[in-house]
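A quick write-up on the structure given underneath.
The figures that follow rest on heavy atoms only: side chains count, while hydrogens, waters and symmetry mates do not. Here is how names work: the chains are called A, B, and so on, in the same order as the sequence lines, proteins then strands, and each is numbered from 1.
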Amino acid sequence: MARHLITSAIPYINGIKHLGNLVGSQLPADLYARYLRGRGHEVLFLCATDEHGTPAELAAAKAGKPVAEYCAEMHEVQARIAKGFGLSFDHFGRSSSPQNRALTQAFAARLADQGLIDEVEQQQIYSPTDGRFLPDRYVEGTCPNCGFEDARGDQCDNCTKQLDPEDLIDPRSTISGATDLEMRATKHLMLRQSAMKDKLDAWIDSKTDWPVLTTSIAKKWLHDGDGLQDRGITRDLSWGVPVKRGDADWPGMEGKVFYVWFDAPIEYIACAQEWVDAGKGQDWERWWRTDKGADDVRYTQFMGKDNVPFHTLSFPSTIMGSAQPWKLVDYIKSFNFLTYDGGQFSTSRGRGVFMDQALEVLPADTWRWWLLSHAPETSDAEFTWENFQTAVNKDLADVLGNFISRITKFCRAKFGEAVPEAGAYGPAEEALIADLTARVARYETLMDAMEVRKSAAELRAIWAAGNEYLQAQAPWTTFKTDPDKAAAQVRLALNLIPLYAVLSAPFMPATAASMVEALHLEMPHWPDDVPTALSSMAPGHVFAVPEVLFAKISDEDRDAWAERFAGRRD
RNA sequence: GGCGUUAUAGCUCAGUUGGUUAGAGCGAACGACUCAUAAUCGUUAGGUCCCUGGUUCAAGUCCAGGUAACGCCA
């Protein structure tokens, strides 16, 4: 038994995430966590909401609510949806927690003590009307290059020329529309990432088993142009972790907060503290401090490719720079993007399926299966309703669902709703057991390696093996001449169901639970060996024919959903 | 503009360190079965592995250039 710390990239508080976000981090992390728990390992699986920054402030303002209240509500919404998808976080924390505030301030103090923080003075656009400094993209005006009237402070969308906000003619705040903008001097803290470049480089080089996607992105940031740049860790906002040097004030930094990218990953650690403080566990340092028991922990992070630079460079800079024995990540599993019908998911245009809508339309396990079996591991993957329909109908309804249906109903018709006890296994049964033994071993190897799609394919083959066996042995024919032999065949086939349940549980926890429930069984332990696992339903055991596990998706439903989610979200 | 990823059967994708007839699922055709959610099982047909050039006894696999798609950055 090993100890596994697993974190999923933490979703931003603003709004409900789409299926692409889900499949890029939380869902595969959950798959892995459930699998490892099933194998008997000790797992701490953490996720949280990322709550600070300007977008949260603006969304709160739009909703007419104080930002703290808005975040608290949205956190509950996201927590509820996560639960709906069966995401088995040991704790779902908040980056705005007191624990994270204290820890972020402590890290900043420590980094400053190590000489890794510079204080720099910058000129930034200030809006007296809004009472705040404006980030570049919240300033708009006329492009000095092409005359386009709605150019953003960082770039003109019309002529694509890169701009500085002070270049704009007649600049205005996109928050209030105010035009009385002015340049003001402001002081900020920079994390000297450049000083840690060589150390990071060597560390990345040592990770030869990481996905190419992960290391290539990290290398690019390390070596591109002038190499890894220092990065501001503070902002002139009110919503965030106040800039302090540990418990002490930080002269000149009054009224400023830490930049969201700095405090968000620290929440991975703070979340473990929240987990303890919520009474769900104890001794969080055992998971995070290598001097306090975490040296045997294997830490795996899951994220989409857009988050890779933060997890390979920025957060490790914070950890390494502290020169304290914090646990560094051991493996980063990164994902490409899921595209929707040839294009991007779009929150603003309501294009694609969002997590809340997905649950309105179909059970979570249906989504879990499709998303995981099509996870964008090696390249971007595409969601189309047609592909979704055929995969769900074929894999879940026909191969798995129908297998359970056909064998339980056949048994009921010929032997009643109890496991028949006559007959003995022969060569065909031994062959099936041998085949399954090999397949289960392969499945475990793939799951250990976090090969998500291949694991799904192997699991499907395991389901299909049941149909192949029934087809070849044809107990309905055997029954006419040798009822005892048919009884043995049915007994074995019935016993496949609990095996399928436990193997499928990481992918489809709710379905797996209902499978064993119908059989009047407890969820079995992960199989040590297949022959033992296939005797969990003893002769005479009474069961009930389950309800239809998966309804098929009709062409009408498919077309209606395609229409509904094509764009323009209300 | 710079960079990254991708380009393999009609579709979605596998193809370890270059090594015999390039694989799977779906779809298609044909057949078997009739227990089952008109489900299942089997067989077969489909590929100039984006293009050009190079390295090698040998290239889908390595190198160079090009094309295209997607994305990131400034």
Side-chain angles (χ1 to χ4, degrees), chain A residues 20 24 136-137 152 154-156 159-164 208-209 211-226 229 304-309 334-340 342-345 370 373-384 386-415 445-446 449 451-461 463-480 486 489-490 493-494 545-554:
Chain A
D136 291 355
R137 61 191 167 126
R152 289 198 322 253
D154 51 348
Q155 182 181 40
C156 173
C159 68
T160 73
K161 184 177 170 60
Q162 39 189 300
L163 303 168
D164 283 323
T208 52
D209 61 330
V212 182
L213 182 66
T214 305
T215 49
S216 68
I217 292 174
K219 288 301 223 179
K220 183 199 146 199
W221 282 61
L222 278 165
H223 299 298
D224 233 33
D226 299 329
Q229 299 297 299
K305 60 183 170 186
D306 52 327
N307 266 317
V308 168
S334 57
F335 290 84
N336 288 281
F337 293 144
L338 184 69
T339 60
Y340 183 81
Q344 287 179 300
F345 279 82
W370 189 88
S373 60
H374 294 77
E377 288 178 294
T378 51
S379 65
D380 289 354
E382 182 175 23
F383 176 92
T384 65
E386 203 162 334
N387 183 312
F388 177 70
Q389 179 197 26
T390 54
V392 166
N393 288 355
K394 199 72 194 172
D395 298 348
L396 299 184
D398 294 347
V399 175
L400 176 61
N402 182 55
F403 170 77
I404 292 166
S405 190
R406 71 193 291 202
I407 188 58
T408 51
K409 287 181 180 172
F410 179 73
C411 182
R412 179 173 63 186
K414 304 299 183 190
F415 302 102
T445 302
L446 291 168
E451 292 275 6
V452 178
R453 297 176 84 129
K454 290 179 183 173
S455 298
E458 191 59 53
L459 180 59
R460 186 191 189 281
W463 298 337
N467 284 315
E468 289 165 24
Y469 170 77
L470 282 185
Q471 208 63 35
Q473 298 313 308
W476 46 91
T477 304
T478 314
F479 184 78
K480 294 171 188 165
Q489 290 166 345
V490 168
L494 283 172
V545 171
E547 299 294 311
V548 166
L549 275 185
F550 298 98
K552 291 206 189 193
I553 297 171
S554 67

Taking any heavy-atom pair under 4.0 Å as a contact, classify [X]: base, sugar-phosphate, or nothing.
X	result
A:Lys454	sugar-phosphate
A:Ala457	nothing
A:Ala474	nothing
A:Leu549	base
A:Phe550	base
A:Asn467	sugar-phosphate

Counting only Watson-Crick or G-U wobble pairs whose two distances fall under 3.5 Å, which nucleotide matches [N]?
N	answer
B:rC57	B:rG19
B:rC49	none
B:rC70	B:rG4
B:rA32	B:rU40
B:rA9	none

Side-chain N or O of [X] versus OP1/OP2 of [N]: is the shortest distance under 4.0 Å?
X	N	result
A:Arg460	B:rC26	yes
A:Lys409	B:rU37	yes
A:Lys552	B:rA38	no

Once you round it to whole Å, what is the distance between [atom2] of [N] and [atom1] of [X]?
X	N	atom1	atom2	result
A:Gln473	B:rC33	CD	C1'	13 Å
A:Trp463	B:rU37	CH2	C1'	15 Å
A:Gln389	B:rC11	CD	P	19 Å
A:Gln471	B:rC33	CD	P	10 Å
A:Leu396	B:rC26	CG	C1'	14 Å
A:Ile553	B:rU37	CD1	C1'	13 Å
A:Glu377	B:rC13	CD	P	12 Å
A:His374	B:rC26	NE2	P	12 Å

Closest listed nucleotide, where the reference is the side chain of [X] and the choices are [options]:
X	options	result
A:Arg453	B:rU12, B:rU37, B:rU34	B:rU12
A:Ser405	B:rU12, B:rU5, B:rA36	B:rA36
A:Thr390	B:rA39, B:rC26, B:rU12	B:rC26
A:Glu468	B:rU37, B:rC41, B:rC35	B:rC41
A:Lys480	B:rU12, B:rU34, B:rG27	B:rU34
A:Asn402	B:rU40, B:rA36, B:rU5	B:rA36

Please give the distance between the [atom1] atoms of [N] and [M] as a whole number of Å.
N	M	atom1	result
B:rA24	B:rC3	C1'	34 Å
B:rA36	B:rU44	C1'	27 Å
B:rU20	B:rG60	P	10 Å
B:rG71	B:rC57	P	43 Å
B:rU21	B:rA58	P	15 Å
B:rC49	B:rA9	C1'	10 Å
B:rA7	B:rG19	C1'	24 Å
B:rC50	B:rU43	C1'	33 Å

Are the side chain of [X] and the backbone N or O of [Y] linked by a donor-acceptor pair below 3.5 Å?
X	Y	answer
A:Ser405	A:Gly401	no
A:Asn402	A:Ala397	no
A:Glu377	A:Arg453	yes
A:Gln389	A:Ile553	yes

> Hey, is A:Phe410 doing a stacking thing with B:rC35, by the 5.5 Å centroid and 30° angle criteria?
Replying inline: no

> Would a 4.5 Å heavy-atom cut-off, applied to side chains only, mark A:Pro475 and A:Phe410 as touching?
Replying inline: yes

> Is B:rG54 syn or is it anti, if syn means the base angle is within 90 degrees of 0?
Replying inline: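 Anti, angle beyond 90° from zero.
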
> Nearest heavy-atom pair of A:Thr478 and A:Ala486: which atoms, and what distance?
Replying inline: CG2-N, 3.8 Å

> Will you find, in the side chains of A:Trp370 and A:Asn387, an N or O donor that is under 3.5 Å from an N or O acceptor?
Replying inline: yes

> Below 6.0 angstrom between ring centroids: does that apply to A:Phe479 and A:Phe415?
Replying inline: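 A:Phe479 vs A:Phe415: aromatic centres under 6.0 Å.
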
> Which residue, A:Leu470 or A:Lys394, contacts RNA chain B at a nucleotide closer to its 5' end, judged by nearest heavy atom?
Replying inline: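 Closest to the 5' end, via its nearest nucleotide, is A:Leu470.
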
> If you find the nucleotide of RNA chain B closest to A:Lys414 and the one closest to A:Asn393, which residue's nucleotide is nearer the 5' end?
Replying inline: A:Lys414

